[in-house]
Amino acid sequence: DSRSSNGGINGAIGSIPFPSAPVQPQPPTSLSRRGSSIANAFNSFVNLRSFSTTSSKGLATANNSKLELSLTPDLPPPPVPHEDDSREDYLIKLSPYGNEIGPILTETDDLFRRECLHYFLLHHFDFTDCPLDIAMRILLIFLKLPKETQQIDRLLIEFSKVYYEVQCRNKGNCSFWVDQNQLYFLTFSLLMLHTDYFNPKNKFKMTKNEFISLIHDDKESSGYKVPTEILSYFYDNVTAKEFPKFEFTPQPPSQSVETS
């Protein structure tokens with residue numbers, strides 16, 4: 001196993017050998033239906049406490065669905081997957097785009113891109129021994145957070161699935177988490193907490209008691225089942241330091257990589 005025992009990403013983006021082990025089909029999920037309600041709950045709270053209704057971290061919904069990438073000028077538009085592309089094929093084509101892979105794979109809601117994202121997170125990140133907040137930090141070091149709310153939702157859905165799968169498979173921790181839906185709710189909540197806390201325009205930060213109360217008020221996603229001690233730990237860790245950014249300079253694809 002090429003994964004690091006300390007958690008993290010496996011290998012360098014663009015040169016990592018993709019494992020041949022197939023990904024098990026994912027069961028249908030209702031996670032995507034939770035995004036808007038979670039966002040509304042937290043946004044309602046944040047907007048009452050903030051002088052700004054949009055975050056400096058880019059969580060506001062974009063006015064259009066066009067992918068906005070801060071790529072170097074010499075990079076062409078991201079390649080469109082071909083019908084005969086495997087997950088490995090398409091991910092290799094995207095490897096020159098580095099941390100833009102997240103926004104690219106969440107640009108549209110189609111099955112193949114979701115499968116590619118799931119495969120990438122499952123096989124090239126190691127969340128085995130990582131608490132949820134640390135796993136999120138690792139994710140956002142190597143993948144840029146998309147700007148559109150729907151894209152963020154797609155990224156967090158696949159991350160929650162993979163994190164749950166890894167915890168159950170390697171540590172038998174399924175009994176700690178109720179299901180993927182609970183993990184998705186908590187992941188989204190931690191991201192919103194981070195956004196609220198590190199928004200320089202927000203002079204009134206969410207307190208620990210307020211955060212815990214918001215999570216425990218949730219019944220649909222079993223937020224109320226997360227122990228207070230765990231939520232207190234998450235609050236302290238998330239607000240202790242802003243999520244880091246990995247400075248990656250994308251490289252132009254080779255001439256053999258088609259972009260249409």
Side-chain angles (χ1 to χ4, degrees), residues 1-4 7-29 31-32 65-69 71-72 74-128 135 138-146 148 150-170 180 183-184 246 248-260:
D1 191 347
S2 62
R3 297 174 180 171
S4 167
I9 190 167
N10 299 318
I13 298 176
S15 61
I16 41 183
F18 288 88
S20 58
V23 175
Q24 295 299 320
Q26 297 298 308
T29 177
L31 297 184
S32 60
S65 60
K66 183 178 180 180
L67 182 64
E68 298 179 2
L69 299 176
L71 300 176
T72 53
D74 55 341
L75 278 176
V80 176
H82 292 171
E83 290 185 1
D84 57 348
D85 277 346
S86 66
R87 292 179 297 245
E88 297 93 331
D89 293 336
Y90 191 52
L91 288 171
I92 290 172
K93 289 180 180 181
L94 295 182
S95 62
Y97 296 87
N99 59 7
E100 301 284 357
I101 290 177
I104 292 171
L105 291 178
T106 56
E107 179 186 7
T108 58
D109 185 19
D110 68 78
L111 178 60
F112 181 72
R113 291 186 189 229
R114 290 199 307 269
E115 290 177 344
C116 287
L117 179 58
H118 187 98
Y119 186 91
F120 184 56
L121 296 179
L122 182 63
H123 290 285
H124 298 292
F125 289 79
D126 185 2
F127 302 128
T128 304
I138 293 172
L139 175 73
L140 296 177
I141 286 175
F142 293 99
L143 291 184
K144 179 180 292 186
L145 188 69
E148 281 200 44
Q150 289 183 339
Q151 287 181 268
I152 296 172
D153 190 52
R154 293 167 193 148
L155 177 62
L156 296 188
I157 286 174
E158 296 308 321
F159 168 76
S160 301
K161 289 179 181 179
V162 169
Y163 186 82
Y164 184 77
E165 180 177 345
V166 169
Q167 297 304 308
C168 290
R169 181 186 63 196
N170 294 312
Q180 296 174 1
L183 267 173
Y184 169 77
F246 176 68
F248 177 87
T249 302
Q251 300 297 320
S254 65
Q255 295 298 321
S256 61
V257 177
E258 299 180 8
T259 58
S260 60

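Numbering of residues begins at 1 and proceeds along the displayed sequence.
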Item to complete: Taking Arg113 for its side chain and Ile104 for its backbone only, find out whether a donor-acceptor pair lies under 3.5 Å.
Response: yes
Item to complete: Measure up the Tyr163 and Phe127 rings against each other and bin them: parallel (under 30°), tilted (30 to 60°), perpendicular (over 60°).
Response: tilted
Practice prompt. Can you see which heavy atom on Pro103 is nearest to which on Gln151, and at what distance?
Written response: O-NE2, 3.0 Å
Discussion item. Quick check against the 3.5 Å criterion: does Arg87 have a side-chain atom that pairs as donor or acceptor with the backbone of Phe120?
Written reply: no
Worksheet item: For the residue pair Tyr119 and His123, does the interplanar ring angle fall in the parallel (under 30°), tilted (30 to 60°) or perpendicular (over 60°) class?
Response: tilted
Worksheet item: Rounded to the nearest 0.5 Å, how far apart are OG of Ser86 and CG of Leu91?
Response: 8.5 Å
Discussion item. Using every non-hydrogen atom in the two residues, find where Gln167 and Thr128 come nearest and quote the distance to one decimal.
Written reply: NE2-O, 3.5 Å
Response to the item:
Which of Leu121, Ile157, Leu139, Leu117 passes side-chain contact (heavy atoms from CB on, under 4.5 Å) with Val162? Answer is Leu121
Fill in: Where Thr106 and Pro146 come nearest, the two heavy atoms and their spacing
OG1-CG, 3.5 Å
Worksheet item: With side chains defined as the heavy atoms from C-beta onward, is the minimum distance between His82 and Asp89 less than 4.5 Å?
Response: no
Worksheet item: Using the ring of each side chain (for Trp, its six-membered ring), is Tyr90 parallel, tilted or perpendicular to Phe112, with breaks at 30° and 60°?
Response: tilted
Practice prompt. Please tell me if the side chains of Arg154 and Gln150 come closer than 4.5 Å, counting only heavy atoms from C-beta onward.
Written response: yes
Discussion item. Would you compute the distance between atom CD of Gln180 and atom NZ of Lys161 and round it to the nearest 0.5 angstrom?
Written reply: 6.5 Å
Practice prompt. Would you name the heavy atoms of Leu105 and Cys116 that are closest together and state the gap between them?
Written response: CD2-CB, 4.0 Å
Item to complete: With rounding to the nearest 0.5 Å, note down the distance linking CD1 in Ile152 to CG in Leu145.
Response: 4.5 Å
Worksheet, complete the sentence: Of all heavy-atom pairs linking Pro79 and Tyr97, the shortest is CD-CE1, 3.7 Å
Worksheet entry | Shortest non-hydrogen contact between Leu122 and Glu165, atoms and distance | CD2-OE2, 3.7 Å
Discussion item. With a 4.5 Å cut-off on side-chain heavy atoms, are Leu143 and Phe159 touching?
Written reply: no
